[in-house]
Amino acid sequence: MIPKPSHRFLSVLLVPLVSGCTFRGAPSFPIVGAYFPAWMMCGLTGIAVALILRVIFLLTGIDALLSFRLFTYVALGVLTALALWGFVFGPG
């Protein structure tokens, strides 16, 4: 029979997993006196870029060539949001 580990033992094992967290706070920026989280700005920018690219793809005829339109535009929006997050809020 295998003995059950105690909660203290588990907490000691889990501490190194969360040791990368810092206490400097979440990245946020003030807009009209209120602090907005940075991920919200990145997400809205990703949505805007995906919409702009859809219009451009429709005007150039590229949209008709796409097999998975929804997946393509979601992926473009996510890539834009992650790139913005990495360049603006990423490590030093």
Side-chain angles (χ1 to χ4, degrees):
M1 183 170 205
I2 300 172
K4 294 183 180 179
S6 68
H7 292 291
R8 284 187 188 153
F9 179 71
L10 285 177
S11 64
V12 169
L13 288 178
L14 294 177
V15 166
L17 296 177
V18 296
S19 64
C21 300
T22 62
F23 292 109
R24 65 183 176 145
S28 58
F29 50 93
I31 296 180
V32 192
Y35 285 94
F36 287 92
W39 62 265
M40 190 181 299
M41 183 190 72
C42 293
L44 292 175
T45 304
I47 291 170
V49 168
L51 290 174
I52 291 168
L53 286 175
R54 174 157 168 78
V55 170
I56 291 171
F57 286 179
L58 283 171
L59 293 175
T60 59
I62 296 174
D63 186 70
L65 302 174
L66 297 175
S67 298
F68 301 104
R69 289 181 179 98
L70 178 62
F71 176 75
T72 301
Y73 293 119
V74 168
L76 289 170
V78 168
L79 285 173
T80 302
L82 291 176
L84 181 65
W85 179 269
F87 287 127
V88 176
F89 301 105

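Sequence positions, counted from 1, serve as the residue numbers for this chain. A quick note: this is a predicted structure, and the numbers were derived from the prediction, not measured.
Across all their heavy atoms, A81 and C42 have their closest contact at CB-O, 3.3 Å.
With values rounded to the nearest 0.5 angstrom, R54 atom CZ is found 12.0 Å from L76 atom CG. In this structure, I62 CD1 and T72 OG1 are separated by 11.5 Å, a value rounded to the nearest 0.5 Å. L58 contributes atom CG, which lies 11.0 Å from atom CG of L53 (distance to the nearest 0.5 angstrom).
Linking Ile, Leu, Val, Met, Phe, Trp and Tyr whenever their side-chain heavy atoms come within less than 4.5 Å leaves L79 and W85 in two separate clusters. Note on L82 and V74: same hydrophobic cluster, where clusters join Ile, Leu, Val, Met, Phe, Trp and Tyr whose side-chain heavy atoms are under 4.5 Å apart, directly or indirectly. At a threshold of 4.5 Å between side-chain heavy atoms, the hydrophobic network of Ile, Leu, Val, Met, Phe, Trp and Tyr places W39 and L44 in one connected group. There is no path of hydrophobic side-chain contacts, each under 4.5 Å, that joins M41 to V78.
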